[in-house]
Amino acid sequence: MTQLALVIDLNVCVGCHACVTSCKEWNTQGEAGPLSDQNPYGKDPSGTFFNRVQTFEVGQFPDTQTVHFPKSCLHCEDPPCVPVCPTGASHKRAEDGIVLVDYDKCIGCKYCAWACPYGARELDEAQKVMKKCTLCVDRIYDVALAERDRKPACVLACPTSARLFGDIHDPQSEVSIAIREQGGYALMPEWGTHPANHYLPRRRTEARVREEDLQRFDNPLKVDGLLPKPATGEPALDDVTSW
Amino acid sequence: MRPAWSVVLLTTLLGAGQGLFLALYGADLSDAARGRASLAPVFVAAAAIGSLALAAAGLAASFLHLGRPERAWRSAAMWRTSWLAREVIALPLFMALVALYGVLHWLGQLQAALVAGALAAAVCVALFVCTGMIYACLKFLQEWHSPLTVLNFILLGCASGLTAATALAASLDPALETGYGVAALVALALAAASRAASLMRNAGLRPLSSLQTAIGVKHPHIAQKAQGAMGGSFNTREFFHGAGAARLAGVRWFFAAAAFVAPAALLALGLPSAAFLVQFAGLLAERWHFFAEARHPQNLYYQAIS
Ligand code: SF4
Ligand code: SF4
């Protein structure tokens, strides 16, 4: 069984919102019709988005970290939003695990949005139907596109490659390896939704300098009792050769 | 959650209509058990029509909740998994059976009416369970995820319906008034007890989700700096009611007084019509509070705009 998913590397995301705008750009003109905006150039602009980038500050000054946190539908393996839908508009595809809304069946009752703990669904105020991330289902299978372009728009747009896309049920896929080897985790595991999307944690990138990196302990001159020349601290010819 | 007036009206009107029918059928049953035909036909007709009217008003309110009401017919499809679809089936079935019961009774077919009434009563209880389970089945809305939610819908609906039945009996079949009045007081007391139990349960709830589990960072100090939109979104409109703790407490005191204490006093004083109206206002507040009280975990992601 296939379960397509995104893996988002919080260590790499710089919070540029390129995934947000590329997602909106692709999906507002896609087969599912526009993602409507309300008052886009006025006061209190609002609109329908599949993907949002949020920012959190972790820690207290001066010891803080900024975490940019892209959030979209996690395509849960046990999605609570699907069984509650009275019309069957919300469904999870058996072939690739993508959770989709059929905009022609949705009655806009909002029950599925209540049933998603992550706030991943948004009601389109113009069309009055529920919308959410489709993993660009109208891109990823499009044989008219070059193979390398058959990925969700957000993944292609990310300038830092913070977004990986693939099948998390295939142990050899890029996403499975990333989850396994870089500590990939799921959001709100307490509700048993088993999100397919995973996040890779922030890792502190430190240069660790050890004493023996600066001065060779096994310098053969030392073993022979000869003093190396020039002495430590004196300028060397090329800053390398003497020690 | 932000209480939607359509759903507040839907659940209160429906509850009253269902309670009124159960009250009517209860009287009919005990009448039949004691040997027949003392209910005033005009009372039976008024109660059946009243119950139907309340249910129809609830049904109308439910349409106001939909973004695409013209597609409402689709909403029965997933009855195998969705309590909402089950409610969508149970409600018209209930209304049809109540209408059948009323007509048979009016035509003097009392035996047949009893059978139709039994079916209607069964569907009525099922409808209560469906309505309650729509909310109780959402496990991360911890305030709702309890059998007390279903019990409250049943008891509050019965209390409201019995008060309405008392008011109708007062003018149309005075022989029933005392019995209904006592039953209404008992239902009121039971409903007050179970609603108080759910308030107490919810006051002690510890949310399972936190900002730490929401973004998966284990640190006691996390503060949101941006939510991805400056002018609000569906997420800020649908899930926040904007009322502070003081206002919530105010609504709580209001519905304790208006839905329970005042109607009990008015019933005891023999003013059932006033009791029903005051109680209905109280139940609207009670339902508003029911929705406002539920804290959706998605709100963790929308704590600060910038
Ligand atoms: S993230 Fe929300 S909308 Fe997406 S599958 Fe999970 S529960 Fe459903
Ligand atoms: S809003 Fe649409 S997709 Fe969501 S539960 Fe209602 S009918 Fe289903």
Side-chain angles (χ1 to χ4, degrees), chain A residues 10 15 17 20 39 43-49 52-60 65-67 69 71 80 82-89 105-111 113-125 127-130 185-192 199 201-202, chain B residues 1 4 62 65-88 134-135 137-141 208-209 211 213-217 219 221-239 296-302 306:
Chain A
L10 298 183
H17 293 246
V20 178
N39 217 9
K43 196 166 162 283
D44 292 336
S46 178
T48 316
F49 285 78
R52 310 253 187 190
V53 175
Q54 306 190 320
T55 300
F56 296 87
E57 185 177 84
V58 177
Q60 282 173 310
Q65 292 238 358
T66 302
V67 176
F69 180 80
K71 178 165 90 73
V82 167
V84 301
C85 174
T87 63
K105 281 191 188 159
C106 173
I107 57 172
C109 68
K110 301 185 251 183
Y111 193 21
W114 293 14
C116 167
Y118 307 100
R121 295 172 164 248
E122 301 190 11
L123 187 87
D124 190 306
E125 293 295 341
Q127 259 176 297
K128 296 286 179 196
V129 296
M130 200 50 76
Y185 62 88
L187 304 182
M188 291 189 193
E190 60 271 24
W191 302 121
Y199 287 78
R202 296 273 294 159
Chain B
M1 302 287 299
S62 76
H65 184 68
L66 302 183
R68 305 292 290 252
E70 76 279 10
R71 296 177 180 170
W73 60 271
R74 288 187 178 276
S75 58
M78 300 309 276
W79 56 273
R80 282 187 200 81
T81 60
S82 169
W83 285 103
L84 180 52
R86 288 170 198 160
E87 187 192 40
V88 165
I134 287 176
Y135 308 101
C137 76
L138 301 174
K139 63 180 165 189
F140 41 83
L141 284 162
L208 272 185
S209 288
L211 206 43
T213 69
I215 69 169
V217 175
H219 195 294
H221 302 284
I222 305 178
Q224 185 162 35
K225 294 294 164 187
Q227 58 176 237
M230 302 288 285
S233 57
F234 174 75
N235 307 72
T236 58
R237 291 189 293 270
E238 182 71 10
F239 297 95
H296 201 291
Q298 80 104 34
N299 291 6
L300 293 167
Y301 295 106
Y302 297 89
S306 64

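Chain letters run A, B, ... following the sequence lines, proteins first and then strands; every chain starts at 1. Bear in mind that the values here come from a model prediction, so they are computed numbers and not experimental data.
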CE of Met78(B) to NZ of Lys105(A): how many Å apart, nearest 0.5 Å? 8.0 Å
Residue among Gly59(A), Gly88(A), Gly108(A) with most heavy-atom pairs under 4.5 Å to chain B: Gly59(A)
Counting only N and O atoms by type, is there a donor-acceptor contact under 3.5 Å from the side chain of Arg202(A) to the main-chain atoms of Val217(B)? no
Top residue by heavy-atom pair count (under 4.5 Å) with chain B, among Ala120(A), Cys106(A), Gly192(A), Ala89(A)? Cys106(A)
Contact class of Val53(A) relative to chain B, heavy atoms under 4.5 angstrom: backbone
Give the intermediate values and the outcome of side chain to side chain donor-acceptor pair (under 3.5 Å) for residues Glu190(A) and Thr213(B). CA-CA 8 Å; Glu190(A) 60 271 24; Thr213(B) 69; 2.8 Å; yes
Could you go through Val67(A) and Ile222(B), starting from their C-alpha distance and side-chain angles, then the distance that decides it, and tell me whether this counts as side-chain contact (heavy atoms from CB on, under 4.5 Å)? CA-CA 10 Å; Val67(A) 176; Ile222(B) 305 178; over 6 Å; no
Between Asn235(B) and Gly119(A), is there a donor-acceptor pair closer than 3.5 Å when you use the side chain of the first and the backbone of the second? yes
Taking all atoms of both residues into account, what is the closest heavy-atom pair of Met188(A) and Pro297(B), and its distance? CE-O, 3.7 Å
Which class fits the ring pair Tyr301(B) and Phe69(A): parallel under 30°, tilted 30 to 60°, perpendicular over 60°? parallel
Of all the heavy-atom pairs spanning Phe140(B) and Ala115(A), show the shortest one and how long it is. CZ-O, 2.8 Å
Which heavy atom of Ala229(B) sits nearest to which heavy atom of Arg52(A), and what is that distance? CB-NH1, 3.3 Å
Among Lys139(B), Glu70(B), Gln227(B), His221(B), single out the residue with the greatest number of heavy-atom pairs under 4.5 Å to chain A. His221(B)
Which one wins on heavy-atom pair count under 4.5 Å against chain A: Ala85(B), Cys137(B), Gly216(B)? Gly216(B)
Among Glu87(B), Met1(B), Arg86(B), Met230(B), which has the most heavy-atom pairs under 4.5 Å with chain A? Met1(B)
Under 4.5 Å from a heavy atom of chain B, the part of Pro80(A) involved: side chain
Nearest heavy atoms of Ala113(A) and Phe239(B), plus distance in Å: O-CZ, 3.5 Å
CE of Met130(A) to CZ of Arg68(B): how many Å apart, nearest 0.5 Å? 13.0 Å
Heavy-atom proximity to chain A below 4.5 Å, by part of Ile215(B): both
Salt bridge (Lys or Arg N to Asp or Glu O under 4.0 Å) involving Glu238(B) - partner list, sequence neighbours excluded: Lys110(A), Arg2(B)
Looking only at heavy atoms and a cut-off of under 4.5 Å, which of Glu57(A), Lys128(A), Gln65(A), Arg121(A) has the most pairs with chain B? Glu57(A)
side-chain contact (heavy atoms from CB on, under 4.5 Å) between Ser46(A) and Phe234(B), intermediate numbers included: CA-CA 8 Å; Ser46(A) 178; Phe234(B) 174 75; over 6 Å; no
Quick check: closest heavy atoms across Leu66(B) and Cys109(A), and the distance to 0.1 Å? CD2-CB, 3.6 Å
Restricting to non-hydrogen atoms, name the atom on Ala77(B) and the atom on Thr87(A) that form the minimum distance, rounded to 0.1 Å. CB-O, 3.9 Å
If I measure from the heavy atoms of chain A, does Ala4(B) come under 4.5 Å with its side chain, its backbone, both, or neither? neither
Apply side-chain contact (heavy atoms from CB on, under 4.5 Å) to Gln224(B) and Gln54(A), showing your working. CA-CA 8 Å; Gln224(B) 185 162 35; Gln54(A) 306 190 320; 3.7 Å; yes
Check whether Arg237(B) gets within reach of chain A through its side chain, its backbone, both or neither, counting any heavy atom under 4.5 Å. side chain
At a heavy-atom separation under 4.5 Å, does Glu125(A) approach chain B through its side chain, its backbone, both, or neither? side chain
Is there any side chain to side chain donor-acceptor pair (under 3.5 Å) pair reaching into residues 71-83 of chain B, and which pairs are they, with sequence neighbours excluded? none
Once rounded to the nearest 0.5 Å, what's the spacing between atom CG of Leu123(A) and atom OG of Ser233(B)? 12.0 Å
Chain A contact via Ile134(B) - side chain, backbone, both or neither, heavy atoms under 4.5 Å: both
In sequence, state the C-alpha distance, the side-chain angles, and the governing distance for Leu300(B) and Tyr118(A), and then conclude on side-chain contact (heavy atoms from CB on, under 4.5 Å). CA-CA 9 Å; Leu300(B) 293 167; Tyr118(A) 307 100; over 6 Å; no
Hey, does Phe56(A) have a side-chain heavy atom less than 4.5 Å from the side chain of Lys225(B)? no
Measure distances from His296(B) to the heavy atoms of chain A and classify the residue's part below 4.5 Å as side chain, backbone, both or neither. side chain
Less than 4.5 Å to any heavy atom of chain A: does that hold for the side chain of Ala72(B), its backbone, both, or neither? backbone
